[in-house]
Amino acid sequence: MTAFERGDAVIHYDDDGMPDGFPVLLIAPGGMRSTNEKWNEMPWNPRVALADRFRVIGMDQRNAGRSTAPVTADTGWTTYRDDQLALLDELGIERCHVVGMCIGGPYIAGLLRAAPERFASAVLLQPVGVDGNRDAFYEMFDRWAGEIASAHPEADADDWASFRSNMWDGEFLLTATGDDVAAIEVPMLVAMGNDLYHPQSTSREIAALAPDATFLEHWKDDESRPAADAAIKNFLAGHTPAIVEPQV
């Protein structure tokens, strides 16, 4: 794992897979603890599944894993989004696929809204969403904040409260309204969530609203996993730009 600096943040990342392959940006599950290592605990692991055909780039989000950054009252989804775009800039990547799970869903929606030209396609695996579960997100944030607060003397209680509000006070997909999703033309594959943090309703609504969406209802159980693996790989391959050789 290596790192780069963006302002006062130090963002750690892994750059694996095929060096000459089309790049895939990974945004890991884990809520506020989103680290690249989390993929190794998941039912489908793109670090392994995609390594033989793509360049696979995964990061620890700020203040998760090895990445560090100050906490301020203004920290929120756009802060993380700008870290993610800065990583692509750091590596000189103009265009890539993006694959995200859990909190990766809202992160991806933010990226596709801000810089759609940089993404050939997007895979959203059980995206988090708001549907009668906001207190669960507040509790998740508070547990994480309590664990790291001693390392952030720069932030007082009001800063943490504002940060939590910035992240979890929104509706639906948190970084995008239904109208926003309906305006995203980047092809998406949405694999359905089915629990408190990843409600079915969010996955189904994203897939219904997005103009170019593929929906996977079953993908995590042992029986469905081989077909889901093939579907995700075929989706990414089908949206990978052809390499144009330079003219002499």
Side-chain angles (χ1 to χ4, degrees), residues 1-3 11-62 64-67 80 83-84 87-88 91 93 96-109 111-112 119-129 140 144 187-198 200 202-203 206-207 213-240:
M1 180 167 271
T2 187
I11 306 298
H12 286 257
Y13 64 93
D14 297 297
D15 190 350
D16 299 319
M18 300 293 289
D20 296 329
F22 190 73
V24 180
L25 175 65
L26 302 182
I27 304 181
M32 305 306 297
R33 301 175 179 85
S34 171
T35 65
N36 200 36
E37 289 296 317
K38 285 285 186 182
W39 286 115
N40 299 335
E41 306 168 14
M42 296 300 113
W44 186 77
N45 182 357
R47 299 183 69 187
V48 175
L50 304 180
D52 64 343
R53 63 184 74 185
F54 293 100
R55 180 182 177 187
V56 183
I57 300 150
M59 61 191 293
D60 290 0
Q61 304 301 324
R62 59 173 51 212
R66 300 183 187 182
S67 294
Y80 289 88
D83 289 342
Q84 294 149 11
L87 173 56
L88 298 181
L91 296 175
I93 294 172
C96 64
H97 299 302
V98 58
V99 174
M101 188 172 183
C102 179
I103 198 169
Y107 284 143
I108 288 175
L111 290 169
L112 300 187
F119 299 97
S121 77
V123 175
L124 288 72
L125 305 166
Q126 59 177 44
V128 303
M140 175 270 295
W144 167 78
M188 295 185 195
L189 184 150
V190 182
M192 189 177 74
N194 58 358
D195 58 34
L196 176 64
Y197 297 101
H198 320 101
Q200 286 192 26
T202 299
S203 298
I206 294 168
T214 300
F215 185 58
L216 282 182
E217 183 170 350
H218 303 289
W219 63 282
K220 289 190 292 183
D221 60 277
D222 292 342
E223 193 172 303
S224 303
R225 206 173 300 163
D229 176 71
I232 295 169
K233 290 176 179 176
N234 289 338
F235 173 83
L236 293 172
H239 293 96
T240 298

Enquirer: Only counting residues at least two apart or in another chain, list the ones meeting salt bridge (Lys or Arg N to Asp or Glu O under 4.0 Å) with Arg225.
Expert: Asp222
Enquirer: Are Phe54 and Thr240 packed together at the side-chain level, in the sense that at least one heavy-atom pair is separated by less than 4.5 angstrom?
Expert: yes
Enquirer: Ignoring hydrogens, what is the shortest heavy-atom contact between Pro106 and Val128? Give both atom names and the distance.
Expert: CG-CG2, 3.4 Å
Enquirer: What is the distance from atom OG of Ser34 to atom OH of Tyr80, rounded to the nearest 0.5 Å?
Expert: 9.0 Å
Enquirer: Any side-chain heavy-atom pair from Leu112 and Met188 closer than 4.5 angstrom?
Expert: yes
Enquirer: Output the distance between atom OH (Tyr197) and atom CE (Met140), rounded to the nearest 0.5 Å.
Expert: 6.5 Å
Enquirer: Could you go through the side chain to side chain contact (heavy atoms under 4.5 Å, CB included) check for Cys102 and His198 one step at a time?
Expert: CA-CA 7 Å; Cys102 179; His198 320 101; 3.2 Å; yes
Enquirer: Considering only residues two or more places apart or on different chains, which pairs with a residue in residues 11-51 satisfy ring pair (Phe, Tyr, Trp, His ring centres under 6.0 Å)?
Expert: Phe22-His97
Enquirer: Report the residues that fulfil salt bridge (Lys or Arg N to Asp or Glu O under 4.0 Å) with Asp52, sequence neighbours left out, ordered by chain and then residue number.
Expert: none
Enquirer: Could I get the full list of side-chain hydrogen bond (donor to acceptor under 3.5 Å, both in side chains) partners for Asp60, not counting sequence neighbours?
Expert: none
Enquirer: Excluding sequence neighbours, so at least two apart, what forms side chain to side chain contact (heavy atoms under 4.5 Å, CB included) with Ser203?
Expert: Pro127, Val190, Met192, Phe215
Enquirer: Sequence neighbours left out, what passes side-chain hydrogen bond (donor to acceptor under 3.5 Å, both in side chains) with Asp83? Give chain and number order.
Expert: Arg6, Arg62
Enquirer: Side-chain contact test, heavy atoms from C-beta onward, threshold under 4.5 Å: evaluate it for Lys38 versus Met101 and give yes or no.
Expert: no
Enquirer: Could you tell me which residues satisfy side chain to side chain contact (heavy atoms under 4.5 Å, CB included) with Asp16, sequence neighbours excluded, listed by chain and number?
Expert: Asp14, Arg47
Enquirer: What heavy-atom pair brings Met32 and Ala64 nearest, and what distance separates the two atoms?
Expert: O-CB, 3.6 Å
Enquirer: Please report the closest heavy-atom contact between Ala231 and Leu216, naming both atoms and the distance.
Expert: CB-CD2, 4.2 Å
Enquirer: Would Ile93 and Ile57 count as a side chain to side chain contact (heavy atoms under 4.5 Å, CB included) if you check the C-alpha gap in whole Å, the side-chain angles of each, and the deciding distance to 0.1 Å?
Expert: CA-CA 11 Å; Ile93 294 172; Ile57 300 150; 3.1 Å; yes
Enquirer: Got a second to check how far Ile27's CD1 is from Leu87's CG, nearest 0.5 Å?
Expert: 9.5 Å
Enquirer: When you compare the side chain of Arg66 with that of Thr35, does any pair of heavy atoms fall below 4.5 Å?
Expert: no
Enquirer: Do you know the tightest heavy-atom contact between Ile108 and Ala122?
Expert: CG2-CB, 3.8 Å
Enquirer: Determine the minimum heavy-atom distance between Ala207 and Ala213, stating which atoms define it.
Expert: O-CB, 3.6 Å
Enquirer: In chain order, what residues pass the side-chain hydrogen bond (donor to acceptor under 3.5 Å, both in side chains) check against Glu217, with sequence neighbours excluded?
Expert: Arg204
Enquirer: Output all residues satisfying side chain to side chain contact (heavy atoms under 4.5 Å, CB included) with Ala109, sequence neighbours left out; order by chain, then residue number.
Expert: Leu173, Thr175, Ala176
Enquirer: How far does CG of Leu124 sit from OG1 of Thr214, to the nearest 0.5 angstrom?
Expert: 11.5 Å
Enquirer: Could you measure the distance from the CG atom of Asn194 to the OG1 atom of Thr202? Nearest 0.5 Å is fine.
Expert: 12.0 Å
Enquirer: Which atom names give the shortest non-hydrogen contact between Ile11 and Ser67, and what distance separates them?
Expert: CA-OG, 3.4 Å
Enquirer: Quick one: list whatever passes side chain to side chain contact (heavy atoms under 4.5 Å, CB included) with Val123, sequence neighbours left out.
Expert: Val99, Leu125, Leu189, Ile232, Phe235, Leu236
Enquirer: Mark yes when over 12 heavy atoms from residues, nucleotides or ligands other than Glu223 sit less than 6.0 Å from its CD; otherwise mark no.
Expert: no
Enquirer: Please enumerate all residues that pass side-chain hydrogen bond (donor to acceptor under 3.5 Å, both in side chains) together with Asp15, with sequence neighbours excluded.
Expert: Arg55
